[in-house]
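One structure below.
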Amino acid sequence: MRRSVLLCETLRDDPAEADVPNHKLLVRGCFIRQLSSGIYSLLPLGTRVAAKIEQVLREEMDAIGGQELIMPVVQPAEIWQQSGRWYDIGDDLLRLKDRAEHDLVLAMTHEEVITSLIGYNVHSYRQLPVMLYQIQTKFRDEPRPRAGAIRLREFTMKDAYSAHVTQEDLDRYYPDVYQAYFNIFRRCGLDVMSVDSDVGMMGGTMAHEFMSLTPVGEDTLVLCDACGLSANRQIATFRKNIVDGGEPRPLEEVATPDTKTIADLAVLLDIPETSTAKATFFMGDSGLIFAVVRGDMEVNETKLVNATKTTALRPATEGELREYGIVGGYASPIGVSGVQVVVDDLVAESTNLVAGANKEGYHLYNVNYGRDYEADIVADIASAYEGAPCPQCGAPVRLERAIEVGNIFKLGTKYAAALKAQYRDEAGELHPMVMGCYGIGVERLMAAIVEASHDEDGMIWPVSMAPYHVYLVVLNQNDETVMQAAEQLYADLGAAGITVLFDDRNESPGVKFTDADLLGMPLRITVSRRTLKNEAVELKLRTDKDFELVPLAEAVKQAQAQIDALQAAIDARVVEETFVVSDG
RNA sequence: CGGGGCGUGGCUCAGCCUGGUAGAGCGCAGCGUUCGGGACGCUGAGGCCGGCGGUUCAAAUCCGCCCGCCCCGACCA
């Protein structure tokens, strides 16, 4: 491709709306263009990267028996009503009406359609298992798209679904997908780790997320360097060390004016935060939830959702607290009624904690669970924190931010039962199929690659993902000999199967070199009067500082060798993974 | 949805406080000179100053409402 005709006008300045590297670079390099919040066009260069990603996805999905199909984006409300998600999912699901006033949705995922499809086409155990996938548009009306292509409203997803006769068969198949996922990311040149994850509103029994570590990530991981534990913070457990508070002593009221935070309280009473209990309030499906954790910890909302079996949770407002007779800043689990009290297991086992008195300006010494108050639920609802003891080995854990680039779920029979995806067994009995689902966001993966692979000058594409292998720079274009040599090399490289972006624009050297760095093709070749004086061209890896002069006659061969070496390095990273079922 | 910021040519921004006929750099078009890390000169095109309403002799500028975009939080299969 000639740069002179490519739709690619690079930007000198960072776009005002971008503040993370993938966003700045993809926009500056003309890979993507924003149309609206969270809605982007993929420009020619971005489309080429997406195509590379999709090719890898197809190969790896096909390798584990996947069959590609395409399902509709616009779907009737009925199937979403049947699965229940029409009612369970909020505004993320974009709803619309057609001319006949029929309710429709824009698909945010395809469990409903695939399940009804499989139910229609599969009748017998003889036809199972089956693995189907598509690479197709999703729309999610996210409340807050962010970070360039990391969180989009409209995006491309590879979503795959498998259906099985039994849970055991799904369990056997699941590790194959797990391995395929590692292969995919590694072939895309991205380092990922898998973590156990929450099954969320998808339901199901087991889930893994594939995470790329980066400060711009939206998830927090809990990692243990000592034993290798990795989990999403949403579900990560940790060892809780009880601070011995001694034998229960009598309750004692203490005046604590203007002391609404745990930090203030600890200072005022000269006690460690570990000797306090902290109350936090959420509104769930059925009213107010009063959550108690030790003062030095934070409530983990995912754990709280799971413990209370609610579907939605949000912090309660001051007004709601007043309605329930709770005094903000001085709330106490003692004597509250009409609310669901959830107490962290550590608090339940601790003695003589300081808690609110439910009276403006007062706290209570020596609050003891069981004696002074009861809970509706005692469970682990505390969030793992930096330095918390690892649940497996006790070493201090570390928190890291990460982007979730893919996930795999064991769905179970939730959708198959609701949408009648049933098969007949040998005895002629009907059973719901056991399903799994597996997703990867294409644009997010592209963004994650840029986050993981760039420098101050621009993107650095892994050879397997680069829009073109070579950025060919020609200088001194007014010199016919130079131009002829460059044209010949462009043709020869192409004939050898090497993809080339040929910068044939009448631009100064600085412009071309700067663009070459920004666009990040793995290999740069420069042809100029100077290099031709030695019958040579310059070869430079994007990752290297310096170039190498190679004879013009060997340029194609050398370029090919460099590309092969880069590809071999990527291939070498595709190795077998051990699938370990952890207890999460 | 709560908090904050922003909206002026394709891009980055100044001008707004203190109202008086819209600016810079980059980019774009033409000509010429250049030609190894975002070259230079000359000429030129391009703007309902996000929208609507108000105040005023006069609004990019002041006031009100609305819309859009970004960030933090809430939320997120």
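So you know, we letter chains A, B, ... as the sequences are listed, proteins then strands, and number each from 1.
- The partner of B:rG23 is B:rC13, by the rule that a Watson-Crick or G-U pair needs both atom distances under 3.5 Å.
- Distances shown here put a side-chain N or O of A:Ser36 below 4.0 Å from the OP1 or OP2 atom of B:rC69.
- No more than 12 heavy atoms of other residues, nucleotides or ligands sit less than 6.0 Å from atom CD of A:Glu9.
- Under the side chain to side chain donor-acceptor pair (under 3.5 Å) test applied with A:Tyr174, the options A:His208, A:Lys410, A:His164 reduce to a single match, A:His208.
- Taking atom P in both B:rA39 and B:rA58, the straight-line distance is 49 Å, to the nearest Å.
- Among residues at least two apart or in separate chains, salt bridge (Lys or Arg N to Asp or Glu O under 4.0 Å) pairs with a member in residues 142-163 of chain A are A:Lys138-A:Asp159, A:Asp141-A:Arg153, A:Glu142-A:Arg151, A:Arg146-A:Glu218, A:Arg151-A:Glu218.
- If you take atom P in B:rU61 and the same atom in B:rC6, they sit 16 Å apart, rounded to whole Å.
- A:Arg146 has a side-chain polar atom (N or O) that falls below the 4.0 Å cut-off from OP1 or OP2 of B:rC72.
- Across all strands shown, B:rC40 is found opposite B:rG32 as a Watson-Crick or G-U wobble partner, with both distances under 3.5 Å.
- Side-chain nitrogen and oxygen atoms of A:Gln234 include none within less than 4.0 Å of the OP1 or OP2 phosphate oxygen of B:rC76.
- At a non-hydrogen distance threshold of 4.0 Å, A:Ser508, A:Pro509, A:Gly510, A:Val511, A:Phe513, A:Thr514, A:Asp515, A:Asp517, A:Arg524, A:Ser528 from residues 508-529 of chain A come into contact with RNA chain B.
- Here A:Arg3 does not pair with A:Glu507 in a salt bridge; the nearest charged N to carboxylate O distance is not below 4.0 Å.
- Atom CG of A:Asp91 has 12 or fewer neighbouring heavy atoms from other residues, nucleotides or ligands inside a 6.0 Å radius.
- Proximity of A:Ser37 to the phosphate of B:rG68: no side-chain N or O atom is located under 4.0 Å from OP1 or OP2.
- Taking atom P in both B:rC40 and B:rG36, the straight-line distance is 15 Å, to the nearest Å.
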